[in-house]
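Remember, predicted model here, so these are calculated numbers, not experimental data.
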Amino acid sequence: MSGQQRNFGNVAKPKILVEDAVEQDITEITRIYAHHVLNGLASFEETAPSQEEMLARFRSVTSAGFPYLVARESGHVVGYSYASAYRPRPAYRFTVEDSVYVSNASRGMGIGSALLKALIERCENGAWRQMLAVIGDSANAGSIALHSRLGFRPAGSLMSVGFKLGRWVDSVLMQRPLSAGDATLPTPTTGKDALR
């Protein structure tokens with residue numbers, strides 16, 4: 001997906017390029033995620049993972065055949081997104097969960113939208129039929145609005161399932177179909193081997 005330049009009034013939005021992440025991006029990905037872990041409720045982790053741990057997670061996602069993307073502005077990673085298995089049991093193999101994180105300094109610039117759109121497109125070109133978002137904090141209006149704009153619908157809330165930053169935190173579940181969704185049965189070409 002190529003970057004786009006948009007004008008809002010007299011302020012030009014920076015050119016953002018969304019592409020496959022590579023291992024060399026892990027340093028910046030680790031920095032972005034650490035900010036969210038330490039300062040927000042989007043992630044229920046409380047200790048920021050090391051760069052080595054983030055590299056191991058990246059390799060796990062990509063070796064399983066899931067897309068892992070970054071958004072670049074002037075060559076720097078300003079956000080990332082990836083899909084992963086929703087649950088490990090085989091019957092869930094056509095369902096993915098999305099994750100989208102944007103650098104705190106780059107929020108409000110359309111980067112989350114660009115990343116999630118590209119991730120949806122990648123997953124629709126694969127065998128997957130449903131995408132879930134598990135959004136930390138029912139007050140996370142930005143993430144809920146982003147997912148709504150891109151076709152996700154509320155699927156429920158888990159109340160007070162997390163405790164972070166001194167308070168109880170909900171998880172909001174949202175869902176959107178991918179491609180044909182559940183309108184057709186999977187074919188042999190969309191079985192286990194097609195997901196690798």
Are Y33 and V77 linked, directly or through other ILVMFWY residues, by side chains that come within less than 4.5 angstrom of each other? yes
Under the criterion salt bridge (Lys or Arg N to Asp or Glu O under 4.0 Å), I'd like the reasoning laid out for E23 against R59: C-alpha separation, chi angles, the key distance, then a yes or no. CA-CA 8 Å; E23 291 191 359; R59 288 175 175 165; 2.8 Å; yes
Going by the angle between their ring planes, with limits at 30° and 60°, are Y68 and Y80 parallel, tilted or perpendicular? parallel
side-chain contact (heavy atoms from CB on, under 4.5 Å) evaluation trace for L55 with E52: CA-CA 5 Å; L55 179 59; E52 292 75 20; 5.7 Å; no
Is it true that the side chains of T184 and R129 contain a donor and an acceptor less than 3.5 Å apart? yes
Is there a donor-acceptor pair closer than 3.5 Å between any side-chain N or O of K164 and the backbone N or O of E45? yes
Under the salt bridge (Lys or Arg N to Asp or Glu O under 4.0 Å) criterion, do E19 and R72 qualify, and how do the steps go? CA-CA 8 Å; E19 60 188 5; R72 298 184 199 283; 2.3 Å; yes
Please confirm whether the backbone N or O of A85 pairs with a side-chain atom of E97, one donor and one acceptor, at under 3.5 Å? no
Answer with yes or no whether the hydrophobic clustering places L146 together with L173; edges join I, L, V, M, F, W, Y residues whose side-chain heavy atoms lie under 4.5 Å apart. no
Determine, using the 4.5 Å side-chain heavy-atom cutoff (strictly less than), whether M131 and V134 are members of one ILVMFWY cluster. no
Please say whether more than 12 non-hydrogen atoms of neighbouring residues, nucleotides or ligands are located less than 6.0 Å from CZ in R167. yes
Side-chain donor or acceptor of R122 paired with backbone N/O of L119 under 3.5 Å: no
Is it true that L158 and V169 fall in one hydrophobic cluster, defined by side-chain heavy atoms closer than 4.5 Å? yes
Are T27 and Q51 close enough that a side-chain donor and a side-chain acceptor fall under 3.5 Å? yes
Would you call R57 and E53 a salt bridge, taking side-chain N to carboxylate O under 4.0 Å as the test? yes
Would Y101 and S81 count as having a side-chain donor-acceptor pair, cut-off 3.5 Å? no
Just wondering, do V18 and V70 contact through their side chains at under 4.5 Å, heavy atoms? no
Regarding N104 and H36, is there a side-chain donor-to-acceptor distance under 3.5 Å anywhere? no
Looking at R176 and L150, would you say the former's side chain and the latter's main chain have a donor-acceptor pair under 3.5 Å? yes
Decide whether L132 and F94 are clustered together by the hydrophobic rule: side chain heavy atoms of Ile, Leu, Val, Met, Phe, Trp, Tyr closer than 4.5 Å, transitively. no
Please verify the inter-ring angle class for F66 with W128; under 30° counts as parallel, over 60° as perpendicular, anything in between as tilted. parallel
Would you say the side-chain atoms of N39 pair up with the backbone N or O of H35, donor to acceptor, closer than 3.5 Å? yes
